[in-house]
*Asks:* 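Take this structure first; my questions come after.
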Protein chains: 2
Amino acid sequence: MTTPFDPMSPTSCVSFRLRRAARIVAKTYDAALKPVGLRNTQFTLLAALIMEGPQNIGQLSEALATDGTTLTRNLQVMSKRGLVEDASFHEDERVRIVKASQQGEAVFRQALPHWQMTQQKMLDVFGQERWSELADLLQLVESK
Amino acid sequence: MTTPFDPMSPTSCVSFRLRRAARIVAKTYDAALKPVGLRNTQFTLLAALIMEGPQNIGQLSEALATDGTTLTRNLQVMSKRGLVEDASFHEDERVRIVKASQQGEAVFRQALPHWQMTQQKMLDVFGQERWSELADLLQLVESK
DNA sequence: GGTCATTATCTGTATATGCAGGTAAATGAA
DNA sequence: TTCATTTACCTGCATATACAGATAATGACC
């Protein structure tokens, strides 16, 4: 006697469902990262810079699917905290290359176990198999 | 020779993946709803008030998994535009009941076909079957 | 070499989001 | 009844997010 899932009801709005789930999940990571003073978003940004190396706004924007103007400001916050800094200049003077600072790397190392704990918990919720499928589905949206 | 999916790499962070997908999807709906002057978030809020009837902040917060303080402000914006308004008083004077205004309902009706078009496009991307599965998976997070 | 379109980023403005902490009403216990 | 606790909501503060439009540097074409 469950209500049938009606995909064309605003309740089933893909945007709503994704955002709602994202809000809940983000809160979990935020809580876990709180001891090291990072938000989940900042952890991701730091991870990108550390794992992929110094990058410019455009590259980050592409990789994270985040508007460049958003990144400018998110990086500003992190810059004030000394987590990231501008890297060497580029031939093209329009381009700004950003990298994780030493302190940024240290904070990231501190954050990693907290993140891993939470990530593992999330994998347990889904089951690793299903998360892999879910990730694939989400990727569909991004390629299109 | 594809890189194997490593669920414990920060690149696979559940929060990051969900948020990234949500950003992309939200932009699509925002673009579609622009002609009627609604953001996807506002459409959802309006839909909740119209389909479920007048509600207080607490009920909305529960249904949308959005912090009450966020709702207070989001509703403020919509109230200024005359889309929502306070409903009759409650016995409990702490409680504030909100409802869609006449104009809110009119705007919602205008928005609906635009939303439907976009929703259908998203269903096509996933395939209806898969979206149903995806929605189920997302719900896992919310129940826990 | 000068002009014009393109590209990379930033600013102004507005919404979305949530935590801490505050206030007022309701509730429950003594 | 009185007072402490709980509940429902709001304010202050900070971050996240993106569109429009501005700016500055490149690149292409004559």
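Just so it is clear: chains get the letters A, B, ... in the order the sequence lines come, proteins before strands, and each one is counted from 1.
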*Asks:* With distance as the sole test, does Ser12(B) use its side chain to make a donor-acceptor pair with the main-chain N or O of Asp6(B) at under 3.5 Å?
*Replies:* yes
*Asks:* Between Glu91(A) and Thr41(A), which has a closest nucleotide on DNA chain D that is more 5'?
*Replies:* Thr41(A)
*Asks:* Need to verify one output field. Residue with the more 5' nearest nucleotide on DNA chain C, Asp30(A) or Gly68(A)?
*Replies:* Gly68(A)
*Asks:* For the side chain of Arg94(B), counting heavy atoms from C-beta on, which of dT6(D), dT15(D), dT26(D) is nearest?
*Replies:* dT6(D)
*Asks:* When you measure from the side chain of Asp30(B) to the backbone of Asn40(B), do you find a donor-acceptor pair of N or O atoms at a distance under 3.5 Å?
*Replies:* yes
*Asks:* Going by heavy atoms in the side chains, are Ile57(A) and Leu75(A) under 4.5 Å from each other?
*Replies:* yes
*Asks:* Under a 3.5 Å distance rule, please check whether Gln119(B) uses its side chain to pair with a backbone N or O of Val14(A) as donor and acceptor.
*Replies:* yes
*Asks:* Can you find a side chain N or O atom of Thr69(B) that sits less than 4.0 Å from OP1 or OP2 on dC10(D)?
*Replies:* no
*Asks:* Could you tell me the separation between the CZ atom of Phe5(B) and the CD atom of Gln128(A), rounded to the nearest 0.5 Å?
*Replies:* 8.5 Å
*Asks:* Arg20(B) side chain N/O closer than 4.0 Å to the phosphate oxygens (OP1, OP2) of dT17(D)?
*Replies:* no
*Asks:* State whether the distance check finds a donor on one side and an acceptor on the other, under 3.5 Å, for side chain Arg73(B) versus base dG12(D).
*Replies:* yes
*Asks:* Would you say a side-chain N or O of Lys27(B) is under 4.0 Å from OP1 or OP2 of dC19(D)?
*Replies:* yes
*Asks:* Would you say dC9(D) has OP1 or OP2 under 4.0 Å from some side-chain N or O of Thr72(B)?
*Replies:* no
*Asks:* Whole-Å distance between dT17(C) C1' and Arg39(B) CZ?
*Replies:* 13 Å
*Asks:* I need the CG-C1' distance between Asp67(B) and dT11(D), as an integer number of Å.
*Replies:* 13 Å
*Asks:* Base, sugar-phosphate, or nothing for Thr70(B), non-hydrogen atoms under 4.0 angstrom?
*Replies:* base
*Asks:* Between dT17(D) and Asn74(A), is there an OP1 or OP2 to side-chain N/O distance shorter than 4.0 Å?
*Replies:* yes
*Asks:* Indicate yes or no: at least one non-hydrogen side-chain atom of Leu137(A) is less than 4.5 angstrom from one of Trp131(B).
*Replies:* no
*Asks:* In whole Å, what is the span from the CG atom of Asn56(B) to the P atom of dC10(D)?
*Replies:* 10 Å
*Asks:* Is there a side-chain contact between Arg23(A) and the phosphate of dT17(C), meaning an N or O under 4.0 Å from OP1 or OP2?
*Replies:* yes
*Asks:* Rounded to the nearest Å, what distance is computed from the CE atom of residue Met78(B) to the P atom of nucleotide dT17(C)?
*Replies:* 12 Å
*Asks:* Ignoring backbone atoms, establish whether Arg96(A) has a side-chain N or O less than 4.0 Å from OP1 or OP2 of dC10(C).
*Replies:* yes
*Asks:* So, is Arg19(A) near the phosphate of dT17(C), with a side-chain N or O under 4.0 Å from OP1 or OP2?
*Replies:* yes
*Asks:* Using whole Å, report how far CG of Leu71(B) lies from P of dG18(C).
*Replies:* 8 Å
*Asks:* How many Å lie between CG on Leu75(A) and P on dT17(D), as a whole number?
*Replies:* 12 Å
*Asks:* Rounding to an integer number of Å, can you tell me how far Asn40(B) CG sits from dA16(C) C1'?
*Replies:* 10 Å
*Asks:* Would you tell me if any nitrogen or oxygen in the side chain of Lys34(A) comes within less than 4.0 Å of OP1 or OP2 on dA20(C)?
*Replies:* yes
*Asks:* Here's a test of your reading of the structure: between Val95(B) and Asp92(A), which maps to the more 5' nucleotide of DNA chain D?
*Replies:* Val95(B)
*Asks:* Tell me the interatomic distance from Gln59(A), atom CD, to dT7(C), atom C1', rounded to whole angstroms.
*Replies:* 14 Å
